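Only one structure is covered here, and it is reproduced in the block below.
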Amino acid sequence: MKLLEERIQKDGRVLNEDVLKVDSFLNHQIDPELMQAMGQEFARLFANEKIDKVLTVETSGIAPAVFAGLALHVPVVFARKNKSLTLPDNVWTADVYSFTKQTTNHIMIDKRFLTAGENVLIIDDFLANGQAVDGLLTIAQDADLNVVGAGIVIEKTFQKGRQLLDERGIHVESLARIKAFVNGQVEFL
Ligand code: 5GP
């Protein structure tokens with residue numbers, strides 16, 4: 001998506017060899033017009049699928065997921081992150097290791113918001129090693145949902161997430177695909 005790539009070039013900051021900071025439009029301050037355009041693009045990319053619900057993980061997945069849900073006219077459910085080891089039994093859970101924070105989060109979704117047989121689209125801000133999406137796939141499997149695909153705002157193709165999702169047979173669509181960070185600059189695929 002050209003608009004997004006231009007914005008990454010303009011405002012993204014390469015922190016080290018594998019982390020991009022985009023906190024001026026996606027991860028802290030949010031540009032709603034860009035989010036809306038991205039939501040419409042996700043709806044276009046998955047137009048052939050029947051989608052009942054959008055799933056994401058808090059916090060940074062929520063903005064793009066809400067605009068995808070708006071464009072698709074379906075509800076959005078976000079998994080909450082819970083550091084506590086004691087979990088109530090009315091939730092679906094999965095463990096997600098975050099390589100940017102180097103911690104494991106237990107993510108959870110209240111069982112009331114997922115119904116067996118629903119067709120869900122997963123949305124997230126970044127695809128790095130695929131752990132966040134994989135956690136949502138675990139929940140989807142446990143809850144007997146049908147995952148129609150994963151819409152990613154920024155994919156870093158040099159990390160192993162894409163391969164993991166391809167191996168799981170997931171239809172992945174990314175709005176920006178980064179090939180590498182070279183001398184502090186972003187190179188797209
Ligand atoms: P994964 O689970 O695919 O390894 O990583 C995805 C999650 O880690 C995303 O939801 C995002 O919050 C965070 N993340 C991964 N890579 C980056 C990055 O380069 N920049 C930022 N800001 N977050 C990232």
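All values reported here derive from a predicted model rather than from experimental measurement. Heavy atoms only: backbone and side chains are in, while hydrogens, waters and symmetry mates are out.
A 6.0 Å sphere centred on CD of Gln163 holds no more than 12 heavy atoms belonging to other residues, nucleotides or ligands. Heavy atoms from other residues, nucleotides or ligands lying under 6.0 Å from NZ of Lys53 number more than 12.
Ring-plane geometry between Phe181 and Phe158 is classed as perpendicular, the angle between the planes exceeding 60 degrees on a 0 to 90 degree scale with a lower cut at 30.
Between Glu41 and Arg44 there is a salt bridge, since at least one side-chain N of the basic residue sits less than 4.0 Å from a carboxylate O of the acidic one. Checked for salt-bridge contact, Asp110 and Arg80 miss the test: no charged N lies under 4.0 Å from a carboxylate O. For Lys2 and Glu6, the salt-bridge test passes: some basic side-chain N is under 4.0 Å from an acidic carboxylate O.
Judged as a side-chain hydrogen bond (donor to acceptor under 3.5 Å, both in side chains), and not counting sequence neighbours, the contacts of Asp52 are Lys50, Asn119. Partners of Gln131 under the side-chain hydrogen bond (donor to acceptor under 3.5 Å, both in side chains) rule, at least two apart in sequence or in another chain, do not exist in this structure.
Annotation: the span from Gln40 atom CD to Leu45 atom CG amounts to 12.0 Å, rounded to 0.5 Å.
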Report task. Starting from the C-alpha separation in whole Å, work towards a yes-or-no answer on side chain to side chain donor-acceptor pair (under 3.5 Å) for Asp95 and Asn105. Result -> CA-CA 6 Å; Asp95 285 348; Asn105 286 303; over 6 Å; no
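Here the closest non-hydrogen pair linking Lys179 and Thr157 is CA-OG1, 3.5 Å.
Centroid-to-centroid, the aromatic rings of Phe67 and Phe42 stay 6.0 Å apart or farther.
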